[in-house]
Structures are given as C-alpha cells and as structure tokens.
Amino acid sequence: MTVSINDYKAIVIGGSAGSFSVVSKMLAKIKPDFKLPIIICMHRLKHVRSGLVDSLNIKSNIPVVEPFDKDKIEPGKVYIAPSNYHLFIEFDNTFSLSTEGVHNHSRPAIDYTLSSAATSFRGKLIGIILTGANKDGAQGMKQIHTKNGYTIVQDPKTCDIVTMPKATLDLFTPKAIMSPDEITNFLNNLE
Amino acid sequence: MEKLNFKTYLEELKKYSRYNFCGYSENSIYRRLEKVLTDKRISLEELLDITKKDQKFVDNLVDEITVNTTDLFRDPDTWVYLYNHLYKKLISKDTINVWHAGCSTGQEVYSSLILFNELGVLDKVNVIATDLNSKVLKAAQNGEYSYKINKLYSKSYKDLFDRINPDGNDFSHYFDVDIDNDLIKVKDFLRKVPKYKRHDLVEEDIPFYQKFDVIFCRNVMIYFDGDLQLNVVRKFFDKMNGGASLILGSHESLHGFFKTRFTKKGLVYTKTNTFHYKYK
C-alpha cells in the first residue's frame, strides 16, 4: 500500500526519556521542504525550561517553535509543546493550551496532544511514538489508530527505554514498527 | 432541541444555570466533560437531566470542568520582569489599581502584593481579585494553603528574592507556617488588602468604576475560543488607563484587532496611548 502525503494533514510525535536525541536526529535529516506540520509533545525535565527549542533549531532543517495559545497550525513548521502546558489541537486548525493537572505525571501530556489531534484530523494524521519511560501516549496512539490514522511505533530494539512503545504495542497493532532512521526516510519519501 | 451532543449540552447548561461555556475551546471543554461522564459513569442525557434539576450539582460540575492551577511566583522570569520593569515604575503614582481576573486560589495575588510591599507601596495599591468559581475565591480570601502540597513555596520565594532583592524580607515576614496543622497562612496585613468578588468575565460587564494600571489574566483565556478572547480583551481594554499593562500567561498572546492596540515589551502588553476618535 502506498502512503500519499496528500492523505495527511499533520504528523504528531510523542516521546519521553531518550527521545530528545532521536527527535534531534530526525529533524536534522528531514527534508527542508517537508510540507506537513510536525507537532511534537515531549516530556522534559522540570528544571529544563528553556533551551530545548534553541538546541533543536541548531540542527533542524525546519524551524522549530513553541506555539502560543490559538496559533494557527502551519505547514513547514515543527511545533513543540511548551513546558508546563498541555498542548491541544482544535477543530479550526489552531492550538490551544491548558494548565490543568498533570496526566500520567506529565504536563505536557502526550495522550492529550495525540488524542486531540486524532479528534481534529481523524484519519488524516500520522502518529509516531518514540522511546520513553512512561505509558503516557499509548492511549493517544490508540485514538489515532481507532480513527484510521497512520501509526508508527519506534522499534523497541532501538529505544533507550521501551516502556512507552511497549505500552502502545500492548493496546493495538500499529501500521509500522520502525527505527528512527526508517521513520525519517518514511516521512521524506512520502509523495 | 437538536440531537444532544456536548455542544447542545453546553447550550442547555447556559439556559438552566448562570454558567456559559459556549465560547470555550471546543476540543478541550468537550474532553473535560467526557471525563466527568466517565468518572460518574453517566450518559450525557443523564447529565443533562441532573443539570436541569440540581443547582448544587451544577456548581460542583463547574469546579470539575474549569481549571484552577496557580502557584506562588509561578514562572519566576515573569515576576523578575514585573518587579524590575513594571512595579518600580508604578511606585511614583498616587494609587495603583490592580485587577487579578481569574485569580483562582489567590497565590498570584499574594505574589504581586509581596513585591509591592517590598517596594514600600502596599498602602497605595488597590487590588481587586475576581473569579467565576466562588469556592476558589473563598480559598483565596482565607489565604491558607496546604503545607504538604506547597512546602516548596519558601524555596520559590527565596529563589526569586535571590534574583530581585537578596536583602529583602524573609518568607516568614509574609507567611505563618504551621506544619502540625498542615498550613501555610498568609499574614493578615497582606491577606486583608485585596477585595475579592465573584465575577464572570464571559457573561458579565465589568462592575468596577475605576480604571486599572495592571490587569492580570494569566492562563484564563486559553480556555476561550478566538471570538470570546476578543470580547474579553475588549472589556479589559476599556477598563485600562493609557499605558496600563495586561499580564497574560507565558504562552498566551493577543490576536486580531487588539494586537494593534497594545505593544508588547518583555512579558507585558501595554495599552497604547494613541487616541482614536469616533464620530457617531
């Protein structure tokens, strides 16, 4: 089955422990004219509030920003959930933020970003879950799967910590299990 | 009535109670409603039924679907900025009018008052703090916080003071700590300053005569959709002195028309002094 980029409106990526270097490498290899917005929700250490976007921007081929509330989701941008806020995707293709309580000990919570993206984009969404030491994100991935989005789980063999991908694999069988390089190639080869 | 869904439910809620959530960001308010249904194991039809009959239930429901997160000196960078670049400029005024819109349990109100007191102008500030939720408003008024949950307050306090005024007052100047009773309590000289009032930014006009020099509305409008945000900012704008400041959350910004009526410096939106005359 060929996967056409025109069938999709956005990519969402969730990751926790170990995912920073994976995301960083992926963004360094993604082609500069990649036309879908990439929305990333990563757990981060509480004391590391700033610097994440800067360090990703040094390597990334696509500009990386932390969205503000109600910002429009635009192609050709990478969005990272800001520290201490949950990041949601609304029906009108904008972001909304929330400071409600932690979910799975996390704010931002990957489940929230992924499942709100699934609600808004339905089948026109590619969801990717990366390495992590927490089950947050598994339910969100399942939502994407249920709404017929395309789901990719990082191959546990290539994960620093397998809890997050494993929790996802326990819930359903994704469309693909891939190494970080394979994920980047998959995205770059979408036509 | 149309088929019952979250949207039509919120319209019904508006009819049967004083609460209007119709202009809230859809995806997030629907999700919080869904959580209520799951937690209570009821259907949306049942929820509507109870909503129509039981006002107390509705008040509790509102507690659950609204968000009340706040902290002492939350986002320290913001407070460093306010202290150095805003409050130090305000102290020459005869009175300083401050409004905390959506004050939740009051930590932000006391954070701000502490900084005014450090600058020696506590007697000049006129502080109003409002919230939709009368329960959190009461907590704010009491100025009592759980020690267990908030024991890091003295650390946030010290960290901030190391940055703005290392010779300032200690934490104990403003708070009594009673570990046995699990309490951190704001001292009365501070606690008695703000006037607390229940107020609904969405449904009500602004009930104050005075215009404000500073309006805090942090992480409140993130729950509103774009149109509702515009409405609320318009109300703020009309109640601000020229050059007054609007303080939003660290990842909030102004959109649409009002973007042009404010200039943003650092973390503060300042009402521009340009006058626009309108002839009728």
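A, B, ... follow the sequence lines: proteins, then strands. Residue 1 opens every chain. Side chains are part of it too, since the values below use all heavy atoms of this structure and drop only hydrogens, waters and symmetry mates.
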Neighbour count >12 (heavy atoms, 6.0 Å) for atom NZ, B:Lys235: yes

Chain A contacts, top residue of B:Leu248, B:Ile222, B:Thr69 (heavy-atom pairs, under 4.5 Å): B:Ile222

Heavy atoms of other groups near B:Lys158 NZ, more than 12 under 6.0 Å: no

Side-chain touch B:His255/A:Phe68, heavy atoms, less than 4.5 angstrom: no

Backbone of A:Glu90 reached by a side-chain donor or acceptor of B:Glu26 within 3.5 Å: no

Sidechain-backbone polar pair: B:Tyr223 side chain, A:Ser96 backbone, donor-acceptor under 3.5 Å: no

N/O donor-acceptor pair under 3.5 Å between A:Asp69 side chain and B:Glu252 backbone: no

Interface moiety of A:Asp71 toward chain B, non-hydrogen atoms closer than 4.5 Å: both

More than 12 heavy atoms from other groups under 6.0 Å of NZ on B:Lys239: yes

Residue B:Ser250 versus chain A: region with a heavy atom under 4.5 Å: both

Greater than 12 external heavy atoms within 6.0 Å of B:Lys155's NZ: no

Salt-bridge criterion met for B:Lys35 and A:Glu100 (N-O under 4.0 Å): no

Contact residues of residues 182-191 of chain A (partner chain B; heavy-atom separation under 4.5 angstrom): none

NZ (A:Lys135) with more than 12 external heavy atoms under 6.0 Å: no

Nearest-0.5 Å distance, CZ of residue B:Arg74 to CG of residue A:Asn84: 6.5 Å

Side-chain (B:His251) to main-chain (A:Leu97) donor-acceptor, under 3.5 angstrom: no

Expected output: side-chain A:Lys70 to main-chain B:Leu254 donor-acceptor under 3.5 Å: no

Within 6.0 Å of NZ in B:Lys14, more than 12 heavy atoms from elsewhere: no

Contacting region of B:Tyr30 [heavy-atom separation from chain A under 4.5 Å]: side chain

Flag side-chain contact, heavy atom, 4.5 Å: A:Tyr112 against B:Ser28: no

From CG (B:Asn27) to OG (A:Ser98), nearest 0.5 Å: 11.5 Å

